[in-house]
Amino acid sequence: MNLLDASLYNNRELSWLEFNERVLEEAIDKTNPLMERLKFLAITASNLDEFFMVRVASLVRVSTIMHNESDRPDASGLTPHEQLSAVLQRVREMVAKQYSCLMRSIFPSMEKEGIVFLNYNGLDEKQKKFCDDYFNDVLYQVLTPMAIDQSRPFPAINNRTVNIFIELAPDKDAPITHGIKWSDDASQLEVTEEQETGRKYAFVQVPTVVPRIVRLPRSQKDSRHDFILLENIIMAHIDKLFHGHTVSRTALIRVTRNMDIDISEEDIEDLLDEMARSLRGRRWGEPVRIEKSKKIGKHAAQLLQAAIDISDEHVYEISGPPDLAEFFAFASQPEFAHLRHSPIKPTPVAAFENAPSMFRILRKQDVLVHHPYASFDPVLRFVQEAAADPRVLAIKQTLYRVSGKSPIIHALIKAAENGKQVSVLVELKARFDEENNIHWAKLMEKSGIHVIYGLTGLKTHCKVCLVIRREDDAIRRYMHLSTGNYNESTAKIYTDIGLFTCNESFGQDATQLFNLLTGYSKMTEWKKFFVAPATLRSELARLIDTEAKNAARGKPAEITAKMNSLTDIDMIRLLYLASQAGVKIRLLVRGICCLRPGVPGVSENITVSSIIDRYLEHSRIFIFENNGKKRVYLSSADLMERNLNRRVEVMFPVDDEKLKQEIIDSVKMSLSDNVKRRTAAPDGTYARVSRRGQTMHSQLEHHRITSEKFRLVFLSQTDTI
């Protein structure tokens, strides 16, 4: 079969929506604890927000380009316009499922647990007085009603804010005024002579400076936990903002805008300043979605769409509160712990637990850490110990996404204050973390740290920390390399693997990598690293081809890989060729997968699985059989064109046989999961695997094994003592 045939590829956007559907299934699944279901529902909403702000916005932009290039189909055979139509239809189905899940299942189940969201009319007198006082004492001072007429243009609605759209009718004694409408180009209001209705319209943004979910006093009837949404309090008192008028109708509106930043780095002098400037303007990007409640009238809906300049296909009528992502924090409240999974405490790393110096341990052995089953503390300690150690001369580190209170950055600042040479590459273009990264970059520069913003045209996505230390016999380099970010918050909920080592070949490569990132050093030969965009793609191609050749010769040939996304068409074709040669290929792809497994004559030797569970599967692992001499690699890169062509990524081998086997066993465990694993069909859909036989819940089993290994190590240490 022709490997260029469109039937062999899933569309990237539709595959992403299939992933979000799997997340939504976890919200619908009644075997999950109630508040976990609500969290999964919030995640699907947050995911969709980002999808519209970036991917749908891109499709809208490309679809409106009026030249032949914009009509070129992707590998799946869909043009941008066809992709956009299919995506919007699929999202409409998903949104209906989201609100059905919330209103018909989760909210009723919460009510049985005594957790109730009420409308103002459902409150008792005590609760109504509380809301009345809260509106008068707090909200009235904060709210800003914005009228819409000839002298006051339609207000700019901030991205992803909840707004109340108000239809007004004047009091009986007030003179009737002409109606209004928007001009054809939506640039100005026009008076309608044929419709002297006196209708007027206004907006009120629901403030973001106070909590949106408001706890109510205990009901006089029972001991329930009662809550009300802020917009419901405001709408119950909305007439107080419009004296002399009668509010005839209110509706909730939410606008999603294009939030992607496209900067031509070659044409700017200061990337930091340009990023900061672009961020200030990003909230006014082109609108790509309107969510509105059903209460809005026909005339008001027409006015709204004309003013925002958006077509019907981008308007979503919702049957519940907008912005379901708001419920993530609510579901995480301590008082609802009994309605969530029992927390899993990360296990200390035995090799470092009672060691006075991490460097002393690493001179003897490499250490592998698998988060969140193993604690992230050694990663923090590595930088903190280096900052305080008088023998440490320099620290070099890449930072892609860090937390808001990053202890790693504070340790780097302390290192600079202690006289260390500290160089940090901060990726300013880490999407939706740009503001946070700009803040930290400025703070580090003021502390004397050399801050670099990477190579022109490339995002720096690799995760490397290099410590240079003077020792009695030589200068030695210590490293931490990882599949995930230096972020202690996400390390609690993302599965990632990190390697601590002082392997000299790794040290030489790490030094060369930072020389490349900070100076004018050219990419030369690497001893252990494979670096995108220079050598990673070609090395992966060589490794896949080796397996294909081994299979053709009747030798053992297998590929097992775990990643977040698989979209690179050239990589997919190489995997198809390997499958045709007889290579058994097992893929664990959490999110987007454009490869279609199980196609006769093409991919019948390929299986694709996805795990959606309490932790987000994030590690990138590549295992090649290599004729019985297995090769195991960890990487920061997914098999996506952007990672292989437009990012600085690192793939590195794990050479220690014990650690290699640990990684192989970990992936086997995930592939044996029959609780949270789903398998892909040739048409791109997914189904849960059979639960027949012994239950294997891989994330819980990972935690159990990590804890057991730690216990056994400490028992052996005690016996030795």
Side-chain angles (χ1 to χ4, degrees), residues 34-35 38 42 99 102-145 161-172 202-254 292-297 318-324 326-327 329-339:
L34 180 57
M35 287 302 172
L38 185 58
Y99 281 95
L102 179 70
M103 305 304 289
R104 298 182 182 181
S105 183
I106 292 179
F107 271 177
S109 297
M110 286 169 58
E111 192 163 349
K112 290 177 183 177
E113 296 289 341
I115 305 165
V116 184
F117 278 83
L118 296 166
N119 289 318
Y120 183 82
N121 292 337
L123 307 182
D124 62 26
E125 291 306 312
K126 179 182 177 183
Q127 292 172 333
K128 282 186 176 178
K129 185 178 185 310
F130 169 83
C131 289
D132 296 345
D133 291 344
Y134 187 59
F135 181 86
N136 293 327
D137 297 342
V138 178
L139 298 179
Y140 186 78
Q141 326 302 323
V142 175
L143 296 171
T144 303
T161 56
V162 178
N163 297 266
I164 303 170
F165 190 48
I166 301 131
E167 182 180 300
L168 301 164
D171 287 347
K172 293 178 181 178
F203 259 95
V204 172
Q205 180 181 317
V206 176
T208 57
V209 293
V210 292
R212 185 174 165 213
I213 298 176
V214 180
R215 181 185 293 274
L216 294 166
R218 293 275 187 178
S219 170
Q220 296 170 355
K221 299 176 183 178
D222 50 43
S223 58
R224 297 181 321 197
H225 298 280
D226 288 345
F227 299 88
I228 189 170
L229 291 171
L230 196 61
E231 55 262 34
N232 289 335
I233 299 177
I234 297 170
M235 287 190 290
H237 299 84
I238 200 73
D239 57 313
K240 294 184 179 180
L241 298 174
F242 299 96
H243 292 294
H245 293 81
T246 300
V247 175
S248 58
R249 196 194 309 259
T250 59
L252 295 174
I253 301 295
R254 186 170 180 262
K292 64 183 181 68
S293 60
K294 293 182 177 180
K295 293 181 180 179
I296 193 168
I318 57 176
S319 54
D323 192 10
L324 299 184
E326 188 78 39
F327 287 102
F330 177 81
S332 303
Q333 292 186 46
E335 65 188 297
F336 304 140
H338 63 293
L339 298 174

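FYI, side chains are in, hydrogens and waters are out, and symmetry mates aren't considered; it's all heavy atoms of this structure.
- For the side chain to side chain donor-acceptor pair (under 3.5 Å) test, residues two or more places apart in sequence or in another chain that qualify with Thr161 are Asn163.
- Salt bridge present: Asp226 and Arg224 bring a charged side-chain N and a carboxylate O closer than 4.0 Å.
- Closest of all the heavy-atom pairs between Ser105 and Ser109 is O-OG, 2.8 Å.
- Scanning for side-chain contact (heavy atoms from CB on, under 4.5 Å) contacts around Glu335 gives Arg215, His225, Gln333, with sequence neighbours left out.
- With sequence neighbours left out, Glu326 forms a side chain to side chain donor-acceptor pair (under 3.5 Å) with no residue at all.
- Note: Thr208 OG1 to Leu230 CG = 10.0 Å, rounded to the nearest 0.5 Å.
- The line from CZ of Phe327 to CG of Leu102 is 6.0 Å long, rounded to the nearest 0.5 Å.
- Residues forming a side chain to side chain donor-acceptor pair (under 3.5 Å) with Lys128 (at least two apart in sequence, or on another chain): none.
- Between Leu168 and Thr246 there is no side-chain heavy-atom pair separated by less than 4.5 Å.
- Partners of Ser319 by side chain to side chain donor-acceptor pair (under 3.5 Å), not counting sequence neighbours: none found.
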(request) Check the pair Tyr120, Asn232 against side-chain contact (heavy atoms from CB on, under 4.5 Å), reporting the backbone distance first and the verdict last. (result) CA-CA 6 Å; Tyr120 183 82; Asn232 289 335; 5.5 Å; no
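- Side-chain contact between Ile234 and Leu139 is present, with at least one heavy-atom pair separated by less than 4.5 Å.
- A distance-only check finds no donor-acceptor pair linking the side chain of Asn119 to the backbone of Asn121 [under 3.5 Å].
- Summarising the geometry of Val209 relative to Val142, their closest heavy-atom pair is CG2-CG1, 4.0 Å, with the distance given to 0.1 Å.
- Here Thr250 pairs with Ile164, Ile166, Met235, Ile238, Val247 under the side-chain contact (heavy atoms from CB on, under 4.5 Å) rule; sequence neighbours left out.
- Every residue meeting the side-chain contact (heavy atoms from CB on, under 4.5 Å) condition with Ala331, not counting sequence neighbours, appears here in chain and number order: Met35, Leu38, Lys39.
- Side chain of Ser248 to main chain of Glu167: a donor-acceptor pair is present (N/O by atom type, distance under 3.5 Å, no hydrogens or angles).
- In this structure, His237 and Phe135 have parallel ring planes: the angle between them is below the 30° cut-off, well short of the 60° mark.
- Contact record, Leu123 with Cys131: CD1-SG, 3.6 Å, taken as the closest heavy-atom pair.
- Using a 4.5 Å heavy-atom threshold, the side chains of Leu339 and Glu113 count as touching.
- When the salt bridge (Lys or Arg N to Asp or Glu O under 4.0 Å) test is applied to Lys129, the partners found at least two apart in sequence or on another chain are Asp133.
- Glu231 meets the salt bridge (Lys or Arg N to Asp or Glu O under 4.0 Å) test with Arg212; sequence neighbours excluded.
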(request) Kindly determine whether Leu118 and Gln127 satisfy side-chain contact (heavy atoms from CB on, under 4.5 Å), including the steps that lead there. (result) CA-CA 10 Å; Leu118 296 166; Gln127 292 172 333; 4.0 Å; yes
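- Arg104 pairs by the salt bridge (Lys or Arg N to Asp or Glu O under 4.0 Å) definition with nothing, not counting sequence neighbours.
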(message) Show, in sequence, the C-alpha distance, side-chain angles and deciding distance for Phe330 and Phe117, and conclude whether the ring pair (Phe, Tyr, Trp, His ring centres under 6.0 Å) test is met.
(response) CA-CA 12 Å; Phe330 177 81; Phe117 278 83; 5.2 Å; yes
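- Applying the ring-ring contact (aromatic ring centres under 6.0 Å, His included) test to Tyr134 and every residue at least two apart in sequence or in another chain returns nothing.
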(message) Assess the residue pair Asp323 and Arg254 against the criterion (side-chain contact (heavy atoms from CB on, under 4.5 Å)); give the C-alpha distance rounded to whole Å, side-chain angles, the decisive distance to 0.1 Å, and a yes or no.
(response) CA-CA 8 Å; Asp323 192 10; Arg254 186 170 180 262; 3.4 Å; yes
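- Taking 4.5 Å as the limit, some side-chain heavy atom of Leu324 sits within range of a side-chain heavy atom of Tyr99.
- To the nearest 0.5 Å, atom CG of residue Asp132 and atom CD1 of residue Ile233 are 9.5 Å apart.
- A search for side-chain contact (heavy atoms from CB on, under 4.5 Å) contacts involving Glu111 returns Val116, not counting sequence neighbours.
- Looking at every heavy atom in both residues, Gln141 comes nearest to Asn136 through NE2-O, 2.7 Å.
- In this structure the side chain of Phe107 never reaches within 4.5 angstrom of the side chain of Ile115, judged on heavy atoms.
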